[in-house]
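First the structure, in the form of structure tokens, and then the observations on it.
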Amino acid sequence: MKRDYPNLCKPIRIGNLTLRNRMCSAPLGATDIDANGTPGPRTQGFYELRAKGGAAIVTVSELVVHPDTDGSQMLKLSLKTPGQLGAFAYVADAIKRHGAVASVELSHSGQYAGTYMVDKKKKGELCQYGPSDGVRPDGLPVKALTREQIADIVAAYANAAGLAKRAGFQMVMVHAGHGWLINQFLSPYFNHRDDEYGGSFENRVRFAREVLAAVRAEVGDRFPIELRMSGSELFDGGYDLDEGCRIAHALEDLVDLIHVSAGSYQFGFSVTHPSMFRAHGCNVYLAAEIKKHVSVPVATIGGLSDPAQMEEIVASGQADLVVMGRALLADPEIPNKVMANRGDEVVRCLRCYVCMAERPVTQTRRCAVNPRIGREFEGMSIVPATHKRRVLVVGGGIAGLVAAWVAAERGHEVTLCEREGELGGILRTEQALPFKADMYELGRSYALLCERAGVDIRLNTAVDAAFCDEFAADAVVVAVGSEPMKLPIPVEEGVRVLSIDDLYLDGAPVGDEVAVIGGGLTGCECSLLMAQQGKKAHVIEMRDGLAIDANIRHRPILLAELEAAGVDEIVNAAAQRVTPEGVFVNAGGAERLVPADTVVCAIGQRSRTAVADELRDAAPYVRVVGDAVRPSNITTAVYEAWHAAFDIS
């Protein structure tokens with residue numbers, strides 16, 4: 001068979017193992033962990049799904065090696081807890097039975113202990129340890145580790161590696177990046193010790209070498225060890241790429257694979273986990289440079305999901321392996337699709353941080369575009385229906401597309417009707433925003449999946465009760481979406497007031513100064529786009545904060561982008577009227593003018609309830625999903641549509 005992506009599909013030897021391809025699953029935290037740090041059955045399913053999807057390595061994360069100095073709600077492995085070793089063995093077995101290599105990440109958070117704790121009060125009661133005394137940005141004190149503690153932690157890494165091997169894991173990853181403890185020792189910013197562990201380069205790498213040497217002594221010469229490191233800390237005072245190359249070279253004799261990430265938790269979550277505002281593969285250059293200085297294989301990571309881009313990375317010698325985290329949550333089947341020449345069917349990660357935001361809030365995982373994530377234990381496959389039904393899906397937005405595809409995959413006869421001449425619904429507007437191109441592509445991806453699943457797609461086809469009576473469906477999924485709300489304030493004649501659809505879909509012209517009314521997620525993104533296009537942008541919000549509807553991971557990054565772009569942020573201000581001079585607002589009881597030659601209304605969406613109500617008796621089974629129920633987000637639309645299609649029996 002001729003491969004579309006031959007370099008991604010090539011096996012590679014790492015230590016005593018042969019990997020089936022060059023695509024690996026990055027360490028992502030588990031989902032159900034008990035008070036002792038033991039993985040539960042949902043954790044097993046969480047990792048197994050990516051092994052089943054074809055990844056070469058699936059790495060379980062994060063195994064805390066020394067709980068006494070790193071208290072958190074993460075995995076731990078000890079013979080002291082009955083059944084714990086067995087629980088890890090079940091996870092390793094679940095990964096291996098699908099042909100993937102089972103690995104586990106050995107970690108110590110250092111001064112960031114408790115980062116993912118839901119109980120923030122308990123987090124504040126922890127004692128954070130690091131290489132040196134200090135105070136974290138959030139005010140928590142950091143205590144320097146003693147030599148005795150360092151020796152104990154080194155031994156703990158070895159012990160954890162030995163137990164992981166005993167449980168059936170085939171390799172281990174030592175986490176030395178992202179500002180975690182080993183990285184803190186490597187960093188001149190964090191490490192101010194004046195003993196043999198601080199000061200000179202040789203002293204700063206000493207702790208890392210001791211850890212790796214101890215792990216090697218425990219697991220043996222041929223058992224693979226992967227080192228995860230930041231190629232550069234990417235902030236003033238941290239080490240740069242030149243020193244990152246020196247670190248990699250100084251440690252390569254103790255490892256079989258160097259996994260190059262980027263940045264530090266303290267100075268850039270959007271760097272270590274690239275946001276939608278960064279280019280795909282933005283951190284690959286770090287791995288490419290380090291690869292020139294070492295003889296062991298090098299892996300790269302950073303917003304990768306496009307098979308063509310990943311193929312080029314390997315083909316050009318920038319890295320030997322590509323590692324995906326969030327991408328394999330959005331579509332665990334990426335490696336299988338690549339191997340089967342179905343790369344055009346990949347459902348791309350949106351880099352929306354839903355998956356990252358869910359964990360500190362509910363201690364679960366959730367993906368905006370994949371309802372199975374974190375819920376794999378409930379079933380990892382789309383189950384064929386007992387009876388084949390005639391299904392009508394009304395609306396070709398993301399909710400309608402997902403419902404149609406799932407229903408078709410279950411074996412139903414599916415027809416999808418869309419009143420417009422193009423599929424995608426509200427996602428069509430995202431093509432106007434460069435940083436949200438992946439959301440636009442999501443609609444195109446599901447349109448392709450529907451076509452290949454045999455869905456009868458009818459564009460320019462409005463559906464009413466009479467249509468449904470004639471169609472005689474067994475089941476109808478109503479996904480007619482929503483429409484933009486209009487400004488409820490006076491607008492003087494001749495003033496240019498645009499809706500989001502006018503701006504994004506119709507390409508309506510915009511002047512040099514733009515006022516966006518509505519500072520939710522949509523309004524903030526619009527004002528950011530205007531500023532990026534060189535306009536003077538104002539965003540007006542009646543509440544006391546912007547983008548309040550954004551998740552806790554994405555919101556601070558978006559706000560930082562607004563500030564960097566120079567957007568004028570006006571909060572606690574209610575728009576009163578629009579005139580040729582701009583928007584008059586009431587702020588704190590006083591009226592003020594926000595000057596603008598163009599006004600964009602982004603105050604929200606309204607469900608098409610009248611259309612939905614007309615179709616509630618259209619078939620024996622009727623389900624209304626997505627924005628037709630209430631304007632929400634992609635996550636809600638996808639989940640409701642997915643389960644509506646599953647419930648057709």
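Scope of the values below: all heavy atoms of this structure, side chains included, with no hydrogens, waters or symmetry mates. Just so it is clear, the model here is predicted, and its values are computed rather than measured.
Residues Leu498 and Val510 are in side-chain contact: their nearest non-hydrogen atoms beyond the backbone lie under 4.5 Å apart. For the pair Lys96/Asp93, a side-chain contact is recorded, criterion being any heavy-atom separation below 4.5 Å from C-beta on. Between Cys352 and Met439 there is a side-chain heavy-atom pair separated by less than 4.5 Å. By the 4.5 Å heavy-atom criterion applied to side chains, Gln532 and Phe435 are counted as neighbours. By the 4.5 Å heavy-atom criterion applied to side chains, Leu558 and Phe277 are counted as neighbours. Between Met530 and Leu503, some side-chain heavy-atom pair lies under the 4.5 Å cut-off. Between Asp438 and His280 the shortest side-chain heavy-atom distance falls below 4.5 Å.
A search for side-chain hydrogen bond (donor to acceptor under 3.5 Å, both in side chains) contacts involving Asp613 returns Arg616, not counting sequence neighbours. The salt bridge (Lys or Arg N to Asp or Glu O under 4.0 Å) test applied to Arg348 returns Asp306, not counting sequence neighbours. The side-chain hydrogen bond (donor to acceptor under 3.5 Å, both in side chains) search around Thr43 returns Asp32, not counting sequence neighbours. Residues satisfying the salt bridge (Lys or Arg N to Asp or Glu O under 4.0 Å) test with Asp344, not counting sequence neighbours, are Arg452. A search for side-chain hydrogen bond (donor to acceptor under 3.5 Å, both in side chains) contacts involving Tyr90 returns nothing, not counting sequence neighbours. Gln431 is linked by a side-chain hydrogen bond (donor to acceptor under 3.5 Å, both in side chains) to nothing, counting only residues two or more places apart in sequence or in another chain.
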| Intermediate values then yes/no, side-chain contact (heavy atoms from CB on, under 4.5 Å), Ile634 and Leu442 | CA-CA 10 Å; Ile634 289 176; Leu442 179 67; 4.2 Å; yes
| query | Step by step, would you call Glu413 with Arg390 a salt bridge (Lys or Arg N to Asp or Glu O under 4.0 Å)? | reply | CA-CA 5 Å; Glu413 177 191 335; Arg390 183 169 166 82; 2.9 Å; yes
| Should Asp544 and Val571 be marked as a side-chain contact (heavy atoms from CB on, under 4.5 Å) after you check the CA-CA gap, both sets of side-chain angles, and the distance that decides it? | CA-CA 5 Å; Asp544 62 358; Val571 297; 5.6 Å; no
| Can you list the steps and then say if Arg22 with Met310 is a side-chain contact (heavy atoms from CB on, under 4.5 Å)? | CA-CA 9 Å; Arg22 304 297 181 96; Met310 294 188 290; over 6 Å; no
| message | Is there a side-chain contact (heavy atoms from CB on, under 4.5 Å) between Ile517 and Val497? Walk through the geometry before answering. | response | CA-CA 10 Å; Ile517 301 178; Val497 177; over 6 Å; no
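Under a 4.0 Å N-O distance rule, the pair Arg97/Glu48 qualifies as a salt bridge.
Remark: the backbone N or O of Phe46 is paired with a side-chain donor or acceptor of Arg50 at under 3.5 angstrom. A donor-acceptor contact shorter than 3.5 Å is absent between the side chain of Gln533 and the backbone of Lys535. In terms of modelled atom types and a separation under 3.5 Å, the side chain of Arg410 and the main chain of Phe646 share a donor-acceptor contact. Distance alone, capped at 3.5 Å, is enough to place a donor-acceptor pair between the Glu311 side chain and the Leu8 backbone. In terms of modelled atom types and a separation under 3.5 Å, the side chain of Asp464 and the main chain of Glu614 share no donor-acceptor contact. The main-chain N or O of Asp34 is never found under 3.5 Å from a side-chain atom of Thr38 such that the two would form a donor-acceptor pair. In this structure, Thr461 contributes its side chain and Leu459 its backbone to a donor-acceptor pair below 3.5 Å. With hydrogens and angles ignored, the 3.5 Å screen pairs a side-chain donor or acceptor of Arg351 with a backbone N or O of Arg278. Side chain of Arg428 to backbone of Leu505: no donor-acceptor contact under 3.5 angstrom is found. Without hydrogens or angle criteria, Asp549 side chain to Leu521 main chain gives a donor-acceptor distance under 3.5 Å.
The distance from the OG atom of Ser25 to the CE atom of Met324 is 8.0 Å, given to the nearest 0.5 Å. Taken to the nearest 0.5 Å, the CD1 atom of Ile373 stands 9.0 Å off from the CG atom of Leu28. Here Leu528 contributes atom CG and Leu559 contributes atom CG; the two are 10.5 Å apart, rounded to the nearest 0.5 Å. Taken from OH in Tyr440 to CG in Leu350, the straight-line distance is 15.0 Å, to the nearest 0.5 Å.
Counting non-hydrogen atoms of other residues, nucleotides and ligands closer than 6.0 Å to CD of Glu451 gives a total of 12 or fewer. Summarising the local packing, CZ of Arg608 is surrounded by more than 12 heavy atoms from other residues, nucleotides or ligands at distances under 6.0 Å.
Under the ring pair (Phe, Tyr, Trp, His ring centres under 6.0 Å) criterion, the residue pairs touching residues 363-407 are Trp405-Tyr446, with sequence neighbours excluded. Within the structure, every pair that satisfies the salt bridge (charged side-chain N to carboxylate O under 4.0 Å, His left out) test and touches residues 371-387, not counting sequence neighbours, is listed here: Arg42-Glu378. Applying the ring pair (Phe, Tyr, Trp, His ring centres under 6.0 Å) rule to pairs touching residues 322-370 yields Phe269-Tyr353, sequence neighbours excluded.
Contact between Ile557 and Ser270 at its shortest, heavy atoms only, is CD1-CB, 3.6 Å. Closest approach of Val625 and Arg623 over heavy atoms only: CG1-CG, 3.7 Å. For the residue pair Ile540 and Ala515, the shortest heavy atom distance occurs at CD1-CB, 4.4 Å. Pairing each heavy atom of Gly626 with each of Ala399, the nearest pair is CA-CB, 4.3 Å. For the residue pair Leu433 and Leu529, the shortest heavy atom distance occurs at CG-CD2, 4.2 Å. Here the shortest heavy-atom pairing between His643 and Pro371 reads NE2-CB, 4.3 Å.
Donor-acceptor pairing under 3.5 Å is lacking for the side chains of Thr609 and Ser607. There is no side-chain donor-acceptor pair under 3.5 Å between Glu441 and Ser445.
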Output side-chain donor-acceptor pairs under 3.5 Å for residues 328-341, partner residues at least two apart or in another chain, one line each.
| unit_1 | atom_1 | unit_2 | atom_2 | d |
| --- | --- | --- | --- | --- |
| Asp331 | OD1 | Glu333 | N | 3.0 |
| Asp331 | OD2 | Lys337 | NZ | 2.7 |
| Asp331 | OD2 | Val347 | N | 3.0 |
| Glu333 | OE1 | Asn336 | ND2 | 3.1 |
| Asn336 | ND2 | Lys52 | O | 3.0 |
| Asn336 | ND2 | Gly53 | O | 3.2 |
| Lys337 | NZ | Glu345 | O | 2.9 |
| Asn341 | OD1 | Asp4 | N | 2.8 |
| Asn341 | ND2 | Lys2 | O | 2.9 |

Identify every side-chain donor-acceptor pair in residues 475-490 under 3.5 Å, counting partners at least two apart or on other chains, and give the distances.
| unit_1 | atom_1 | unit_2 | atom_2 | d |
| --- | --- | --- | --- | --- |
| Ser482 | OG | Gln605 | NE2 | 3.0 |
| Ser482 | OG | Asp627 | OD2 | 3.0 |

Side-chain donor-acceptor contacts of residues 417-424 below 3.5 Å, not counting sequence neighbours, with atom names and distances?
| unit_1 | atom_1 | unit_2 | atom_2 | d |
| --- | --- | --- | --- | --- |
| Glu418 | OE1 | Gly396 | N | 2.6 |
| Glu418 | OE2 | Glu420 | N | 2.8 |

